[in-house]
> 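Quick one: the structure is below, and I'll ask about it shortly.
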2 protein chains.
Amino acid sequence: MSAVEKAFHGLRHMIGTGRLGPGERIPPEGELCEELGVSRGSLREAVRMLAALGVIEPRHGSGTYVSQLRPEDVIGSLSLTLELLPLSGLLEVYEIRRVLEAHVAAQAAARCTPETVRTLFSLIEDMEATSDPTEASELDHRFHAEIARVGGNPTLATLLAVFRARSRKYQVFTLPEGPDLRRKSDDDHRVLATAIADRDPVAAAGAAQSHVAQTERWLRAFMPPVEETGDGD
Amino acid sequence: MSAVEKAFHGLRHMIGTGRLGPGERIPPEGELCEELGVSRGSLREAVRMLAALGVIEPRHGSGTYVSQLRPEDVIGSLSLTLELLPLSGLLEVYEIRRVLEAHVAAQAAARCTPETVRTLFSLIEDMEATSDPTEASELDHRFHAEIARVGGNPTLATLLAVFRARSRKYQVFTLPEGPDLRRKSDDDHRVLATAIADRDPVAAAGAAQSHVAQTERWLRAFMPPVEETGDGD
DNA sequence: ACTCGAAAGTCATCTGATGACTTTCACTGT
DNA sequence: ACAGTGAAAGTCATCAGATGACTTTCGAGT
């Protein structure tokens, strides 16, 4: 086993066995180097790996701390890499997103409060009122994030936020067809918000699913022509 | 921006813009250090971060290569960290797993072939025949993996495999109640496989969902008594 | 009791040197 | 001409030492 791997697994083991708990500060570099039997350079590389994965968090001048180890912490690390995926792979992600958006919509319908309804329709009105595609995209994000929040599962809400962030990079609303797409999108939002307000989980799930499916079709339409070069390695 | 961040974002940008494509070898450390304006140590830390995230892959003596950038590549990185989550956070993950297992079961029911049916029932028979909890757990994994594979979305199959790997760490089948749990689990499997064989997506989804929910209840029952200390930061 | 500054502790970075592994290619023997 | 062998170049892996930057702590002074 290489030195970096030794340090990486050693640290992971300390956290996994509870020797280092969430939020706790880990020993300084010098001590860990001695205990793990690696140089500072190798240890630092292992620390960076765990930091990239959302497990620990170095603070310059203070020390290195274990994260809270909530699912959101480690899922957030996906946001750094998901945007590197080619569009072809992204469509598989969309199938997952479609299923999960439908689920949170149904959950939100079952749990929604009058205040939630007010918030959702307020966001819709702002969305319909603005002409700035960037602002519209931002409001769209907040609309879906609110539904996910009401759904009651922070981990799932984070996961969907990561998926959406990737989609937003495409900025479909800035295309020549943008206004048409936005009109259709706004309609979808009203149907979805109404289903939630009616506390109708089945209708909400259906509306959310077809909304995501619509976005998926747009991306398909605007993605570069399919390359039939089998992606064999 | 720190030196490591500079290198990290620089590399990520090269990959994101296509200057470095999937499978391609990236320039040697020396060149990248000069181009990015950081020392070798800082560059190596950035490389390790991207490697931990499944984006690049260093090969000793040969060079460092961009991964294929399939969704599975980056999702696989979660398997290193998901097992560090405390059980409380894991239950949120279970809700996601439940929804997605139901979806792949329905998909599998819609797409299944006679060969799939044979494979599934063969696995079930092996599962019922063995008395070794570890082997049973392994067969259970293969059973669900086969369904996910037939579901047709490799990304989703990988994601579910990661979730299951975390659950298997608990080894519920080795508990005193293990035999009872296994009997119930085996029944669930037969119901699920039958629904798939009948090409009945609705029944398959329901069976998968209740199977996961059952596992979830077992974990809840065996998890340490709930700590009511509100987890506010 | 409060403010300020020095000192200690810790992470961040750079430089240089050496080792290990892979790949390439010229050389040698058949 | 061909195959096998071994040396050499290229590349990543690791270590060691020194310096800088930032945070926290604590004591002196007001």
Side-chain angles (χ1 to χ4, degrees), chain A residues 1-15 19-69 73 77 80 233, chain B residues 1-15 19-69 73 77 80 233:
Chain A
M1 177 156 36
S2 74
V4 174
E5 281 178 55
K6 206 193 317 182
F8 181 80
H9 287 113
L11 280 171
R12 204 165 60 111
H13 189 254
M14 288 184 195
I15 297 170
R19 180 171 153 197
L20 296 174
E24 193 173 336
R25 191 175 80 169
I26 74 178
E29 292 180 347
E31 288 182 30
L32 282 176
C33 289
E34 191 172 357
E35 176 172 350
L36 297 169
V38 301
S39 72
R40 278 203 301 284
S42 299
L43 175 71
R44 283 183 57 78
E45 290 182 22
V47 165
R48 287 288 190 182
M49 290 171 72
L50 286 167
L53 294 169
V55 174
I56 62 181
E57 177 191 348
R59 298 180 203 164
H60 191 173
S62 171
T64 299
Y65 299 76
V66 180
S67 82
Q68 293 303 319
L69 293 182
D73 295 322
S77 71
L80 290 172
D233 51 340
Chain B
M1 176 157 38
S2 73
V4 174
E5 282 177 55
K6 206 194 315 183
F8 181 80
H9 287 115
L11 280 170
R12 205 166 58 112
H13 189 254
M14 288 184 196
I15 297 170
R19 181 172 152 195
L20 297 174
E24 194 172 336
R25 191 174 82 171
I26 73 177
E29 292 179 347
E31 288 182 30
L32 282 176
C33 289
E34 190 173 357
E35 175 172 351
L36 297 170
V38 300
S39 71
R40 279 201 302 284
S42 299
L43 175 71
R44 284 182 58 78
E45 290 182 23
V47 165
R48 287 289 188 182
M49 290 171 72
L50 287 167
L53 294 169
V55 174
I56 61 181
E57 177 192 348
R59 298 181 203 165
H60 191 173
S62 171
T64 301
Y65 299 76
V66 180
S67 83
Q68 292 302 319
L69 294 181
D73 295 323
S77 71
L80 291 172
D233 53 339

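These figures come from a predicted structure and were not determined experimentally.
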> If you compare every side-chain N and O of A/Ser62 against the phosphate oxygens of C/dC11 (OP1, OP2), does one of them come in below 4.0 Å?
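So the side chain of A/Ser62 is outside the cut-off, no N or O lying under 4.0 Å from OP1 or OP2 of C/dC11.
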
> If only side-chain N and O atoms of A/Thr64 are considered, is one of them under 4.0 Å from the OP1 or OP2 phosphate oxygen of C/dT10?
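Checking A/Thr64 against C/dT10: no side-chain N or O falls below 4.0 Å of OP1 or OP2.
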
> Could you say whether A/Leu43 or B/Ile26 is positioned toward the 5' end of DNA chain D, judged by the nucleotide with the nearest heavy atom to each?
B/Ile26

> Let me know the distance between CD of A/Glu5 and P of D/dT14, rounded to the nearest Å.
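Nearest whole value for this atom pair: 8 Å.
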
> Count the heavy atoms belonging to other residues, nucleotides or ligands that lie under 6.0 Å from CD of A/Glu34, then report whether that count exceeds 12.
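No, because the 6.0 Å sphere around CD of A/Glu34 holds 12 heavy atoms or fewer from other groups.
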
> Nearest-Å distance, OH (A/Tyr65) to C1' (C/dT10)?
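These atoms are roughly 9 Å apart.
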
> Pick base, sugar-phosphate or nothing for A/Gly63, based on heavy-atom distances below 4.0 Å to the nucleic acid.
sugar-phosphate

> Could you tell me how far apart B/Lys6 (NZ) and C/dT13 (P) are, to the nearest whole angstrom?
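B/Lys6 atom NZ is separated from C/dT13 atom P by 9 Å.
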
> D/dC15 P sits how many Å from A/Arg40 CZ, rounded?
11 Å

> Return the value, rounded to whole Å, for the distance between atom CZ of A/Arg25 and atom C1' of C/dG9.
8 Å

> Let me know the distance between CZ of A/Arg44 and C1' of D/dG20, rounded to the nearest Å.
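Whole-Å distance recorded here is 13 Å.
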
> Take the protein atom CD of B/Glu29 and the nucleotide atom C1' of C/dA20, then report the distance between them rounded to whole Å.
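That distance rounds to 13 Å.
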
> Looking at every strand, decide which applies to A/Arg59 at a 4.0 Å heavy-atom threshold: base, sugar-phosphate, or nothing.
sugar-phosphate

> Using whole Å, report how far CD of B/Glu45 lies from C1' of C/dT13.
9 Å

